[in-house]
Amino acid sequence: MRRYCLVMRYLVVVLWAMFLSVPVMACLAISTPTFTGFYANGLDFQWGGTCPSSSTYYVEGSTHSGFGSVYANTVSSSTNAGFSGLRQNALYYVRVSTNAGMQNSVVLGSTTTLLDTAIPSASIINPSSGETISGEYVFGTYFEDYESLNYSYLTLTVDGQGVVAASSSTFLNPANVSYYTVSSSHPWDSSTVPDGAHTIAAQAFDEALNESTEVSFTFYTANQPGNVGFSSINADSFSCSWALAVPSTQEPTYMLGTDQDFIQIVSSATAGVGVSSAVFSDLTPNTTYFFRVKASSAPDVSYTSPVSAVTLAILPSAAHTVFSQIQTTGFSAHWAAAGNIPGTLYEAEASLTNDFSDVVSAQSTSGLTLPFQDLSLGTTYYVRVRAVNHAGVPTAYAFLGGVQTFLYGTLQEQNIVVNSGAVVVGIPANTFLEDYVMQVSTNPQAQPAGPVNASSLIVEANQKIIRNSDDKKRTPVPGTLIQLAVTNQSGQALYPQRPISLTFQFNESNGYVSHMSESVRVNTLAVYGLNENTGLWVKLPSQMDSEAGTVTAQAGAYSVFAVMGQLDTSLIDAFAYPVPFEPSQGHTSIYFTNLAQSAVIQIYSMTGHQVRTLYESDGDAQYAWDARDEEGRPVASGVYYYVIKSATDKKTGRLMIIR
């Protein structure tokens, strides 16, 4: 019995111990609503039950359903409690127990704290030069665990177009502070936004796409133009151009001056919308100009840095007297500025050849004259000059002509070569009774040789041959005009005791003189001398050497000479082919060849009826007849005859047509 009692006592002790160690949860119950207050940083909640009024309740909060990490806890003597200091916009789980160890706790449920959205602020830095736009979005209390905020973001827009969206994974504030900031910046590329007024806006969104109030402000841009430069630079004009980064709504304003500080302004204007170039004229040659432009006429918009260019110099022209102080070993050359400013640099050359392949002297000066010294006596020199602008850009060369240094002749036979061998003056021995000085000019109208100015006489004589428009009209050959003058060493005129010879060289092509605007046959060339008394060109007895390409004449006095040709009127070698004319053999025309340079061809039938009249007038001495009459009808088969007439000749012949 005693043993039984001991056993029973032991069981009672064990059962009582077990009863004391197991919490009695039947007094707890969940009633609705469990959560009674929602805040950005806290929650309020309640529960129901039949526990004694003296019971103590233990409550925990976690962002994990398994309560592996507890972020809030509290103790309450009633059936309601709350948490503060929570993270906003986060999901929290809550459980309650009457045991401090939270054994057999009851989960009240879960809910999300509210989003305490702050209005974002936005700003732009240096909009005119285009650096950065930035904005920020301020959130609430910072917690270590922030996974659920990864989908909150900030947007920035310019003129309604999104330029950047910033995630909230970037935190500017360090840990363990009350608030953190999502911030974003965007490189500002001024070339992508037109000039003018623009609106930048910022707005924040939470993970539930709840949005904050949008903030915005207006800014103004005026991008500086790029690629500013000059083109089409001339002596009195040039163009300036610039590149607008984007299609602009602004009116560019430009300025042109003669100094980089734009104290002396030449032109200033506002161009039209989108205009990117300007043309300037009536400028001064060889002058430095400065140019700048800005994208808008607004006073607070800055100009580009100035760029500069130099207008070209002008091609110099020959002075009224090109050569002076002609000596045996030198002369002076003169030219006109032709509009170049004082101080312009000129470069002049003297050469033994008119193509300047043998330059013997090259000099430069800022004046309008240059002396050439240490030259050979009795030698023809050719001079050319060019102007150089301040940037070192030269003009083309202006040819000033040729001049011959004085020659002290002897009593011996002598040949004087003029114009690079194109003219040879042959002086026999004892032509003069004393030593002589011969002057030769290849441009006697501008630079006469000796004391006689034959310029007006040459003009008068040329006008007379121009007015003579018949078939014997004479045509001067270019490059053969020269003037000769002879004096003794004291400057007194000398007269020859015997004739001199003049030999002119020419270029020939297929029987015609080359490089002439009119067709002049070689066999019509002759040397002409100017009669100073009558003002007429007089033909001299001339000899033609077609193989050597020269024509030579004798002259008994010194004057102005030239080679001239005239239209050929000879018909001695004229003929027609093919005879017979047979279209079935592929013939298309009947050709009249070796005609005079101007001729009339008349075609007759054997009965004397005039079929066709043809005119050769282009000077090539040929004509192709298509075997048609005046009405354009093919002539019938048969025998025809032709008559060819020139100013001096006439020739006839027969034709046969077989169709």
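Within a 6.0 Å radius of CD in Gln264, no more than 12 heavy atoms belonging to other residues, nucleotides or ligands are found. Remark: Gln373 CD is packed, more than 12 non-hydrogen atoms of other residues, nucleotides or ligands lying under 6.0 Å away. Heavy atoms of other residues, nucleotides or ligands lying less than 6.0 angstrom from CZ of Arg654 number 12 at most.
Side-chain atoms of Trp242 come within 3.5 Å of backbone atoms of Val275 as a donor-acceptor pair (strictly under, hydrogens ignored). Looking at Ser646, its side chain never comes within 3.5 Å of a backbone N or O of Ser570 through a donor-acceptor pair. Under the 3.5 Å distance criterion, the side-chain polar atoms of Glu508 are matched with a main-chain donor or acceptor of Asn510. Counting only distance, with no hydrogens or angles, the side chain of Asn340 and the backbone of Thr344 share no donor-acceptor pair below 3.5 Å. Side-chain atoms of Tyr381 come within 3.5 Å of backbone N or O of Ser376 as a donor-acceptor pair. When atom types are taken as modelled, the side chain of Ser637 and the backbone of Arg659 share a donor-acceptor pair closer than 3.5 angstrom. Listed for the Thr287 side chain is a donor-acceptor partner under 3.5 Å among the backbone atoms of Pro285. Asn286 contributes no side-chain N or O that, together with a main-chain N or O of Ala313, makes up a donor-acceptor pair within less than 3.5 Å. For Ser232 (side chain) and Phe238 (main-chain N/O), no donor-acceptor pair under 3.5 Å exists by modelled atom type. Side-chain atoms of Lys651 do not come within 3.5 Å of backbone N or O of Lys645 as any donor-acceptor pair.
Here the CD atom belonging to Glu582 is positioned 6.5 Å from the NE2 atom belonging to His587, to the nearest 0.5 angstrom. The distance from the CG atom of Leu502 to the CG atom of Leu484 is 6.0 Å, given to the nearest 0.5 Å. Of the inter-residue distances, the one linking Leu312 atom CG with His390 atom NE2 reads 12.0 Å to the nearest 0.5 angstrom. To the nearest 0.5 angstrom, Asn389 atom CG is 9.5 Å from Thr395 atom OG1. Rounding to the nearest 0.5 Å gives a distance of 11.0 Å between CG of Leu525 and OG of Ser546. Here the straight-line distance linking atom CD1 of Ile458 with atom CG of Leu530 works out to 6.5 Å at 0.5 Å rounding.
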Report task. With side chain to side chain contact (heavy atoms under 4.5 Å, CB included) as the test, would you mind laying out the steps for Thr379 and Gln404 before giving the verdict? Result -> CA-CA 5 Å; Thr379 304; Gln404 186 180 43; 5.7 Å; no

Report task. Check step by step if ring-ring contact (aromatic ring centres under 6.0 Å, His included) holds for Phe280 and Tyr254. Result -> CA-CA 12 Å; Phe280 300 93; Tyr254 56 80; 5.7 Å; yes

Report task. Apply side chain to side chain contact (heavy atoms under 4.5 Å, CB included) to the pair Leu370 and Gln363, showing each step before the final yes or no. Result -> CA-CA 8 Å; Leu370 265 177; Gln363 303 180 65; 3.6 Å; yes

**Report entry** Met564 and Trp537: CA distance, side-chain angles, deciding distance, side chain to side chain contact (heavy atoms under 4.5 Å, CB included) verdict
**Finding:** CA-CA 10 Å; Met564 299 185 188; Trp537 287 108; 3.3 Å; yes

Query raised in the report: So Ile590 and Leu655, side chain to side chain contact (heavy atoms under 4.5 Å, CB included) or not? Walk me through it.
Result: CA-CA 9 Å; Ile590 297 175; Leu655 302 171; 4.0 Å; yes

**Report entry** Pair Thr503-Thr552, side-chain hydrogen bond (donor to acceptor under 3.5 Å, both in side chains): steps then yes or no
**Finding:** CA-CA 4 Å; Thr503 300; Thr552 302; 3.1 Å; yes

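The closest side-chain heavy-atom distance from Pro583 to Thr588 is not below 4.5 Å. In this structure, the side chains of Phe290 and Thr288 come closer than 4.5 Å at one or more pairs of heavy atoms. Within the 4.5 Å cutoff, no side-chain heavy atoms of Leu540 are placed close to those of Gln554. With contacts defined as side-chain heavy-atom distances shorter than 4.5 Å, the pair Arg498/Thr431 qualifies. Between Glu630 and Thr613 the shortest side-chain heavy-atom distance falls below 4.5 Å. Looking at heavy atoms from C-beta onward, Phe291 lies in side-chain contact with Phe230 at the 4.5 angstrom threshold. For the pair Thr311/Thr284, no side-chain contact is recorded, criterion being any heavy-atom separation below 4.5 Å from C-beta on. Within the 4.5 Å cutoff, the side chain of Val293 has heavy atoms near those of the Val228 side chain.
With no hydrogens or angles considered, a side-chain donor-acceptor pair links His334 and Ser324 at under 3.5 Å. No hydrogens or angles considered: nothing links the side chains of Ser351 and Asp358 as a donor-acceptor pair under 3.5 Å. Side-chain polar atoms of Tyr397 and Glu349 form a donor-acceptor pair below 3.5 angstrom. A donor-acceptor contact closer than 3.5 angstrom links the side chains of Thr648 and Thr569. Residues Ser281 and Ser237 bring no donor and acceptor atom of their side chains to less than 3.5 Å of each other.
The aromatic rings of Tyr604 and Tyr641 lie parallel to each other, with less than 30° between the two planes, well short of the 60° mark. Taking the six-membered ring where tryptophan is involved, the planes of Phe331 and Phe323 are perpendicular, since the angle between them exceeds 60° and thus also 30°.
Between Asp626 and Arg612, at least one side-chain N (NZ, or NE/NH1/NH2) sits under 4.0 Å from a carboxylate O, which counts as a salt bridge.
Nearest heavy atoms, Asn488 versus Glu434: CB-OE1, 3.5 Å. Between Val635 and Arg628, the closest heavy-atom pair is CG1-C, 4.0 Å. Minimum interatomic distance between Pro580 and Ile658 (heavy atoms only, all atoms of both residues): CB-CD1, 4.0 Å. Contact between Glu616 and Gln622 at its shortest, heavy atoms only, is OE1-O, 2.6 Å. Closest non-hydrogen pair, Val551 versus Ala526, comes out as CG2-CA, 4.2 Å. Nearest heavy atoms, Leu595 versus Ala574: CD2-CB, 4.1 Å.
Remark: aromatic rings of Phe592 and Tyr642 are close, center separation under 6.0 Å.
The cationic group of Arg384 lies under 6.0 Å from the six-membered ring centre of Phe356 and within 45° of the ring axis, placing it in a cation-pi geometry.
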